Every structure is written in C-alpha cells, then in structure tokens.
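Each ligand, and each atom within it, is numbered from 1 in the order the structure gives. Owing to the predicted nature of the structure, the values given are computational and were not obtained by experimental measurement. Quick note: numbers below take in every heavy atom, side chains included, and nothing from hydrogens, waters or symmetry partners.
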Amino acid sequence: MKKLLAFTAIATAAVGAYAQDFPGSKPITIVVPFSAGGPTDRVARDLAEALQKPLGATIVVDNTAGAGSSIGTAKVARAAPDGHTLLLNHIGMSTMPALYRKLPFNVENDFEYLGMVNDVPMTLIGKPTLPANNYKELTAWISQNKGKVNLGNAGLGAASHLCGLLFQSAVKVEMTPVPYKGTAPAIADLLGGQIDLLCDQTTNTTTQIEAKKVKAYAVTTTKRLTTPALKDLPTLAESGLKDFEVTIWHGLYAPKGTPAAVVKKVNDALKVALKDPNFIKKQEGLGAVVMADKRIEPAEHKKFVAAEIAKWGPIIKAAGVYAD
Ligand code: ASP
C-alpha cells in the first residue's frame, strides 16, 4: 500500500512538473475534422494564429476529414493527453451521438472541454445557374423539380447535414444528399453546378455571396444578420418556415486525462485569443459571433454540449437517419 502511495505521489509530481513546462518547445496540433479551406478550417486557422502568442507555442492545423467529423474526433480521443493534440469541432459533437450507432468515442466522457470559440449562422445557397432568385422562387422551383433536387453536405453529423435535414422536413420535399469530406469541396461543386443547394456556415459562404458567385436565399437564424454582405438576406423563419433556427458553435477539446493545469493554460490563452481585435474582426467579417459569454469556461462548455445532445437527439431520431 505504502509503495502504491509513493508511486502515485511520484506520478502526480511528474505530471505537475510537466504541466508547469507546458507547452515547452513542441508544437501544438489542432485537428480539424473537415477539409481544408472550409468553414471549420477557417475558424481553426484564425484561432491558431490568435492563440500562438498567449499560449507561447507554434500551432499547426491538421485536417483529418471524413464521416461527418467522426474520424478526426476519434483521432483526438486516442491521442496522448498532453495538451499537444487538440480538437476544434462544431455542433457535430452533439449530433454524432444520435446519428452514429457505433462511435469509437464518447463525446461526454472521452474529452476535456477547453472552452467555446464562437457561434456561426448558416445560409441556404444555390448553384449560380439556379433560376430561382429569392426564397419564394426557390420553393416553387423545388416543388417543380421533386425527385431531382440534390443537396450537398459534409457527411452525417455535419452542420450542413443537420441543416439540410431540417430544411427538407420543413418544406416536406425529399432531396438527394451528396456527401463530401467538408463543405470546401461541396461549395466548389456548387459553383460548378454539380449540386443544386447547400446549407453552410457564413464563415464559408460570405465571400461567395458578396462576390455574387452563388445564389443566396436565407439565413438560418431567427434574426437577420448585421454583416454587410448578409444583412439583406431574409431569415427562413420570416420566409415561412416558422421557428427554423440552426446556429453552429465551435469548441476546443483535448483528450480525456489531459492534466488540469494544461487545461487551464489553454483556457487562459483561449480567453486572450477571443479578445484579439484581429481575430474578432476576421470572424465578424464572416458573420460569426466570437464567444464572450460563460461558455468560455470549460464546465459551461461541457454543460452546453450536454444540453445540445439532449436537444438534437430526439429531432434526429424522429428524422430516422443514422449510420452504422
Ligand atoms: N460546414 C461543414 C459542415 O457542414 C464543415 C466544414 O467543412 O467545415 O459541418
């Protein structure tokens, strides 16, 4: 017994010393579970830039994309819990548990929560050659083309998938889902006319809407946005889809078992990064709202994700969509 206690004391002291030295000279990797150049990637790269100084480390972004973010998320769940491998993921953390029958991780038990980063609205956009020029014309076009309309998404559990599901059930028309590893490749295909519609975060669509490269129909928030390029877009709720609301949020995670002192260091640095005027300017310019409420705190972040799991689970189950 004595031996065990002594061992535990040595191990705790070693972790404590490690945590004090963190991050040391080794770079930190933020895993983005979607393709490069997409909206989650945009948030991660802007955040990585803002975090480097307060964290005192070089931060690299690793895109491990696929299966609606479950592949990259699993990679972080399995990584060494030393603070050098972090995950930036969105609402998928709360939709995956209902959408996947077998997930190789447990969202609530296998991660340390480091704080939330932002809230991001979504937009419903169409290919440039789509004849509909506003939401009313879009619904008419969809009903004239029943069975032929396709809708891109970033895989089961992705924000675009969730938004698309809700949109289809609200307009009561089934569309053909076209999955990608992220919405960067989906938007490229939308621009090329290979897919008809896409529901995607403003962090990916604002510049395309501004340049009038895509047709923009609506925003998914209950209030109109103030970002100049997006302020004239109606909400889906005011367009007739009562109560339609999807806001995407992003949070930062570490593997379970990451020392509390490391969690605190990252969270302290995150709080500094979220006040960085350059980060705020970039994110606001893309329609995102940088986190400034209590969800910056790890415990509140965890509570919020649990509430989101409870909120979306029954909606997803009712839609009858899942992956084995
Ligand atoms: N916007 C994507 C989604 O639908 C994710 C991404 O590519 O960042 O969840």
Side-chain angles (χ1 to χ4, degrees), residues 30-48 61-73 75-76 86-100 103 107 116-126 150-168 175 177-191 195-209 214 216 219-221 230 245-253 282-283 286-288 305 308 312 315-316 319 321 323:
I30 296 184
V31 174
V32 170
F34 292 105
S35 1
T40 311
D41 184 63
R42 180 72 274 135
V43 174
R45 285 176 198 270
D46 288 353
L47 182 68
V61 171
D62 161 33
N63 298 88
T64 298
S69 84
S70 60
I71 297 176
T73 303
K75 181 176 181 177
V76 178
L86 308 178
L87 168 75
L88 184 104
N89 201 358
H90 64 14
I91 194 169
M93 291 300 269
S94 66
T95 55
M96 280 188 286
L99 282 163
Y100 289 83
L103 268 186
V107 169
M116 291 179 64
V117 178
N118 62 10
D119 287 309
V120 190
M122 299 191 90
T123 44
L124 179 65
I125 58 173
N150 60 40
L151 180 64
N153 69 48
L156 230 60
S160 44
H161 176 238
L162 176 70
C163 182
L165 277 182
L166 297 177
F167 178 63
Q168 290 176 86
M175 301 171 203
V178 185
Y180 295 85
K181 285 187 173 178
T183 40
I187 219 166
D189 270 9
L190 186 85
L191 289 169
I195 55 169
D196 300 314
L197 292 171
L198 179 67
C199 195
D200 199 14
Q201 285 102 303
T202 56
T203 33
N204 203 30
T205 62
T206 305
T207 47
Q208 308 288 357
I209 293 173
V214 294
V219 292
T220 63
T221 39
L230 307 169
E245 189 191 4
V246 195
T247 299
I248 304 313
W249 41 266
H250 294 86
L252 202 58
Y253 308 81
K282 281 191 195 164
Q283 288 287 300
L286 297 174
V305 174
E308 287 281 280
W312 293 111
I315 298 172
I316 292 164
V321 212

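Although no hydrogens or angles enter the test, the distance criterion places a donor-acceptor pair under 3.5 Å between the side chain of Tyr100 and the main chain of Ala67. Remark: side-chain polar atoms of Thr206 are not paired, donor with acceptor, to backbone N or O of Thr203 under 3.5 angstrom. Looking only at distances, a side-chain donor or acceptor of Thr95 sits under 3.5 Å from a matching main-chain atom of Gly157. With hydrogens and angles disregarded, no donor-acceptor distance shorter than 3.5 Å links the side chain of Thr64 to the backbone of Gly72.
Judged by the shortest distance from any of its heavy atoms, His90 lies inside the 4.0 Å radius around the atoms of ligand 1. Under a 4.0 Å heavy-atom criterion, Pro39 is in contact with ligand 1.
For ligand 1, the atoms lying closer than 4.0 Å to a non-hydrogen atom of Ser160 are 3 (C), 4 (O), 9 (O). Less than 4.0 angstrom separates some heavy atom of Ala158 from each of these atoms of ligand 1: 3 (C), 4 (O), 9 (O). Counting atoms of ligand 1 from 1 in the listed order, those under 4.0 Å from a heavy atom of Gln201 are 1 (N), 2 (C), 3 (C). With ligand atoms numbered from 1 in the order given, ligand 1 contributes 1 (N), 2 (C), 4 (O), 5 (C), 6 (C), 7 (O) to contacts under 4.0 Å with heavy atoms of Thr183. Close contacts of ligand 1 with Gly182, meaning ligand atoms under 4.0 Å from a residue heavy atom, involve 7 (O).
For the 3.5 Å distance criterion, the side chains of Asn89 and Tyr253 fail to qualify, holding no donor opposite an acceptor. Remark: the Thr205 side chain and the Thr123 side chain contain an N/O donor-acceptor pair separated by less than 3.5 Å.
Backbone and side-chain nitrogen or oxygen atoms of Asp200 are examined, and one is located within less than 3.5 angstrom of a nitrogen or oxygen of ligand 1. Not a single N or O atom of Asp41, backbone or side chain, sits closer than 3.5 Å to an N or O atom of ligand 1. Here's the thing with Thr40: one of its N/O atoms is less than 3.5 angstrom from an N/O atom of ligand 1. For ligand 1, the polar-atom distance check finds no N/O of Ala154 at less than 3.5 Å from any of the ligand's N/O atoms.
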Check step by step if side chain to side chain contact (heavy atoms under 4.5 Å, CB included) holds for Thr73 and Leu87. CA-CA 7 Å; Thr73 303; Leu87 168 75; 3.8 Å; yes
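Taking 4.5 Å as the limit, some side-chain heavy atom of Leu191 sits within range of a side-chain heavy atom of Gln208.
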